[in-house]
Each structure stands twice: as C-alpha cells, then as structure tokens.
Engineer: 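Please see the structure below; I have some questions.
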Amino acid sequence: MPRVANRIAEIDTSGIRRMFEIVNEAKKKGLEVINLSIGEPDFDTHEEIIKRACEAMRNGFTHYTSNFGIDELREAIAERYKEKGVNVSAENVMVTVGACEALINASFAFIERGSKVVIPSPSFLAYFSYAKMCEAKLVTVKTHEDGFILDADKLNEVMDKEVSAVFVNYPNNPTGAVMDQRELKAVYEVASDYGAVVISDEVYDSIYYDKKPGTLAGEENAIVVNGFSKSLAMTGWRLGYVVASEELLEKMLRLHQINGVCAPAFAQKAVAEVMAEGIDKKITGEMVAEFRKRRDFVYSRLKELGFEVVKPEGAFYFFPRYENATEFVQRLVSEKGVALTPGTPFGDGNENYFRISYATSMENLKKAFEKIEEFLS
Ligand code: PLP
C-alpha cells in the first residue's frame, strides 16, 4: 500500500469527518436531519446563467482557455472593481477553478517552506491546511474579543520578517464579520511593512447587510481571491478569480502553466455575458434579500434562547458561544436531528463556539429552532 506523504497525512480532518459520521448515524436512527452546517447557497444557479452556458457549449466553449481565463470575463470582473473605485484592469485578473484553487495557488506561489503564516482565528479551515501543505509554521491571532475583526495592533504583535503570508477573510466564514475599507487597509499596511503578502479571501464580498466590506484589490502586496460560488450560487461550476498586480499574477500563472489549469470555458463565457449585462447584480441582490430575512430571524431566535452572539454583517453564518460546544453539537444532532458545525476546526480558541449556516430555507430554520428550544429546555 503506497504511503501518503507526511505533509498531507499530518493535516487533521478528523473534526469534520466525525460530524459527517454523527449526521449519518442520526439518519440511520430514522431522524429527519435538518442540516445547518452547509457552506453553500441553497439556491440553484439562475436559469439565465444555465441558458447562456448551454449556448456557449454549442458555440465551441468546450476547449481549454488561456491559463489567465477568457478576456471577456477578465474585463467584466475588472469593470466591477472600477465601479467600486478600484483602479485595476483585465491584466490584473486571473480566472481560477473556484476560489479554493486560487487560495492553493497563492499559497504554493508565496509561502516559503519553514516560513510563518498568520491566520486569524476563527477562520475558514482550508487556510490552515494549505499553510501546512506548504510546510509553514502557523501563527494564529484570536479575534474573539474584537467582534471577530482582525485588529491591526494585534496583528503587529505577531509579525516579523519570517512571516511570508497573512490570510484575511471578510465577510468571514464562520462568523459573518465584515471589515470595512479602513479596517482592512490598516491590517494590510502592518503585514505589508514586514514584506508579507496578504491573501485576502473576499468570496462573500457581495453578501453583506449593513456594513460595507472593504477590498484589498489594487494594493501592491495583496492577492484578492474571489469567485462566483457564493454570489451567483454556482458552487459546482468551479469558477473563481484572483485580482493582483501583474507581477504577482505572473508568479501565480506559472502554477497554472505547470498544472495545466484553466476554469471551465462555458462557465467563464456564461458569467462574462451576465456580468456585461448587469444581470449578476439582480441575481445576487435577490439572494441577499432572502439571506437578510433569515439572518434577522436566526438572530432574534438566538437572542430569545439566551445565546451570546455577535450579529453578523455579511456571509450566511452565525458563530454563537456555548460552553463545550462540540458536545452540544453532537448531542443536538443525535437527539434532535439538527446538524451544526463545532467551532474547533476553525482554529485555536473555538471550543466554546459553533457555526450555524442559514443557507437553508426559512421553513427549515423555523423547525430547527423549535428543536433547539426543546433541547435546551
Ligand atoms: N473561501 C471561503 C471563505 C469559503 O467559505 C469557501 C467555501 O465555503 C471558499 C473560499 C471556497 O469557494 P469556491 O467554491 O469558490 O472554491
């Protein structure tokens, strides 16, 4: 039996695996499981995008594209940033196979083996795995006391010349916290002063409620990762992108060339078309309106039940506090059939937290909270 490489074997996925097992055990017991642990929109991809993708396939968009992606999509993406006042052009955009591929690419391109990588906690769990795959030393900065915002002074305390990269992710998974332009820029300046690259994962940037998320697009030492999985409910299409300086993109392009990577041609064409016509804004806007209703409902229920929780400003998650949350999550699914995600996989100091995803119907959310209330009483 071939042995898996140590750097992969050492990545701990047991927390997540255990949750899948518990959900399956509950289903086997005949419990109807309401799943509030899913990190993707519950909406199907809009018919307009599907229609255009089918047309694109008939029109020959079935081949490899440039490793940078098709120009039409790169231009449409750059146009959106220009609308926000960010000075970037199509040359600053590289299309990727989802945001995950962009994150892996950025990690391999810029994280030196043995260097330090700073990751705020809680954070999307993939950053920890990618940094480990690059054989880096992980440094976490807890954000719990700052409403899950990464404080620039706290970042400064852990920075030194050995740090090759700092991950930031706002709107944030798992907390829904948002950092505005000023806050994000302050963090960028600290990291950049030490020569580190800032990998800013902005995949939830169009899912926000009140506070407007900032962006590091256009900053010299920042790699902005984004995509359409969340904003256009296209998780299975695998379409993401990077916005960065031409110099940094050149380095990332090398990995696309080495690995023979380009995103699906028909998906690129379909999204380029809907973006050029502004249809994407309408699709996202309708989804966000629905997410807002759910967020307000979940927030009022959590408060009623006495949970300590920060009201999220973006994405579709809550990260409430609960003493010994892993046990709570396990018991809730096996006794009441409500699946949540324990906080521990999201980094250090999260054992007393859990994540709720409200990317599920209002009906499911109502039922789930009845069951949580029963459990607590
Ligand atoms: N980044 C964050 C913060 C996420 O939550 C996710 C998915 O859950 C991704 C990236 C992955 O996005 P994609 O489907 O575009 O690879």
Side-chain angles (χ1 to χ4, degrees), residues 38-66 68-84 86 88-90 93-102 171 173 201-209 212-213 215 217 224-243 262-295 314-316 357-364:
I38 295 179
E40 65 170 328
D42 52 313
F43 304 95
D44 290 329
T45 306
H46 199 280
E47 186 50 38
E48 197 56 43
I49 302 176
I50 294 174
K51 194 180 88 191
R52 284 163 196 260
C54 293
E55 277 164 15
M57 274 194 259
R58 287 192 200 97
N59 291 330
F61 281 83
T62 52
H63 298 271
Y64 293 133
T65 70
S66 144
F68 269 125
I70 64 170
D71 287 342
E72 205 179 327
L73 180 58
R74 297 172 73 201
E75 274 154 24
I77 292 167
E79 204 48 49
R80 281 285 179 279
Y81 281 90
K82 281 185 204 147
E83 285 168 15
K84 290 190 207 172
V86 180
V88 293
S89 65
V93 178
M94 181 169 81
V95 180
T96 59
V97 186
C100 278
E101 194 262 319
N173 176 8
D201 180 348
E202 301 177 8
V203 288
Y204 295 99
D205 72 340
S206 52
I207 306 178
Y208 65 95
Y209 308 107
K212 196 165 172 245
T215 177
V224 167
V225 170
N226 209 326
F228 302 99
S229 285
K230 318 288 175 175
S231 60
L232 293 178
M234 294 180 71
T235 46
W237 297 62
R238 310 314 296 131
L239 197 60
Y241 60 90
V242 173
V243 182
C262 71
F266 60 87
Q268 294 189 50
K269 174 71 173 152
V271 171
E273 283 186 9
V274 296
M275 284 182 87
E277 292 170 40
I279 301 170
D280 59 316
K281 290 183 188 169
K282 194 169 161 280
I283 298 172
T284 309
E286 283 169 8
M287 218 161 48
V288 173
E290 178 58 30
F291 281 142
R292 179 191 286 274
K293 283 187 214 152
R294 297 179 192 173
R295 177 199 65 154
F316 37 71
S357 161
Y358 50 95
T360 188
S361 68
M362 192 63 124
E363 194 190 337
N364 274 346

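Hydrogens, waters and symmetry mates are skipped; everything else that's a heavy atom, side chains included, is used.
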Engineer: Between V93 and V242, is there a side-chain heavy-atom distance shorter than 4.5 Å?
Structural biologist: no
Engineer: Rounded to the nearest 0.5 Å, how far does CG of D201 lie from CG of N226?
Structural biologist: 8.0 Å
Engineer: NE2/H63 to SG/C262 distance, rounded to the nearest 0.5 angstrom?
Structural biologist: 11.5 Å
Engineer: Look only at the side chain of R238 and the backbone of G98, and say whether a donor-acceptor pair between them is shorter than 3.5 Å.
Structural biologist: no
Engineer: Taking side-chain hydrogen bond (donor to acceptor under 3.5 Å, both in side chains) as the definition, give me every residue that meets it alongside Y209, ordered by chain and number, with sequence neighbours left out.
Structural biologist: Y358
Engineer: Under the salt bridge (charged side-chain N to carboxylate O under 4.0 Å, His left out) rule, collect the residues that match up with E75, sequence neighbours excluded.
Structural biologist: none
Engineer: List the residues meeting side-chain hydrogen bond (donor to acceptor under 3.5 Å, both in side chains) with K84, not counting sequence neighbours, and say none if there are none.
Structural biologist: D205
Engineer: Enter the distance from M234:CE to K230:NZ here, rounded to the nearest 0.5 Å.
Structural biologist: 13.5 Å
Engineer: Among all residues two or more places apart in sequence or in another chain, which pass the salt bridge (charged side-chain N to carboxylate O under 4.0 Å, His left out) test with E202?
Structural biologist: none
Engineer: Quick check: does any side chain N or O of T284 sit under 3.5 Å from a backbone N or O of S231, one acting as donor and the other as acceptor?
Structural biologist: yes
Engineer: Checking E83 now: which residues fulfil side-chain hydrogen bond (donor to acceptor under 3.5 Å, both in side chains) with it, not counting sequence neighbours?
Structural biologist: R80, K281
Engineer: Would you check if L239 and V95 make a side-chain contact, meaning some heavy-atom pair closer than 4.5 Å?
Structural biologist: yes
Engineer: Taking side-chain hydrogen bond (donor to acceptor under 3.5 Å, both in side chains) as the definition, give me every residue that meets it alongside E55, ordered by chain and number, with sequence neighbours left out.
Structural biologist: none
Engineer: What are the two closest heavy atoms between V88 and V243, and how far apart are they?
Structural biologist: CG1-CG1, 4.0 Å
Engineer: Are the side chains of D280 and L232 in contact, using a 4.5 Å heavy-atom criterion?
Structural biologist: yes
Engineer: Could you tell me which residues satisfy ring pair (Phe, Tyr, Trp, His ring centres under 6.0 Å) with Y241, sequence neighbours excluded, listed by chain and number?
Structural biologist: F228
Engineer: Judged by atom type as modelled, is there a donor-acceptor pair below 3.5 Å linking the side chain of T96 to the main-chain atoms of E101?
Structural biologist: no
Engineer: Going by salt bridge (charged side-chain N to carboxylate O under 4.0 Å, His left out), name the residues that satisfy it together with E273, two or more places apart in sequence or in a different chain.
Structural biologist: R52, K269
Engineer: Could you pull out the closest heavy-atom pair between P171 and A315, with the gap in Å?
Structural biologist: CB-N, 3.9 Å
Engineer: If you count heavy atoms of other groups shown closer than 6.0 angstrom to OH of Y81, is the number above 12?
Structural biologist: yes
Engineer: Got a sec, which pairs hit ring-ring contact (aromatic ring centres under 6.0 Å, His included) with one end in residues 263-291, sequence neighbours left out?
Structural biologist: F43-F291, F291-F316
Engineer: What do you reckon, is NZ of K82 surrounded by more than 12 foreign heavy atoms closer than 6.0 Å?
Structural biologist: yes
Engineer: Would you mind reporting whether L73 and V271 have side-chain heavy atoms less than 4.5 Å apart?
Structural biologist: yes
Engineer: Among R294, E286, M287, R292, whose side-chain contact (heavy atoms from CB on, under 4.5 Å) with E290 holds?
Structural biologist: R294
Engineer: Please identify each residue that fulfils side-chain contact (heavy atoms from CB on, under 4.5 Å) with N364, with sequence neighbours left out.
Structural biologist: I34, T360, S361, K367
Engineer: Closest approach of P41 and T235, non-hydrogen atoms and distance?
Structural biologist: CD-CG2, 4.3 Å
Engineer: Do T65 and Q268 meet the criterion of a side-chain donor-acceptor pair at a distance under 3.5 Å?
Structural biologist: yes
Engineer: For S89, check side-chain contact (heavy atoms from CB on, under 4.5 Å) against everything at least two apart and list the hits.
Structural biologist: E91, N92
Engineer: Measuring from atom CG of D44 to atom CD1 of I49, what distance do you get when rounded to the nearest 0.5 angstrom?
Structural biologist: 11.5 Å
Engineer: If you take all heavy atoms of G227 and V203, which pair is closest and at what distance?
Structural biologist: N-CG1, 4.1 Å
Engineer: Check ring pair (Phe, Tyr, Trp, His ring centres under 6.0 Å) between F61 and all other residues, then give those that pass, not counting sequence neighbours.
Structural biologist: none
Engineer: Within this structure, what is the CD1-CD distance for the pair I283 and E48, rounded to the nearest 0.5 Å?
Structural biologist: 7.0 Å
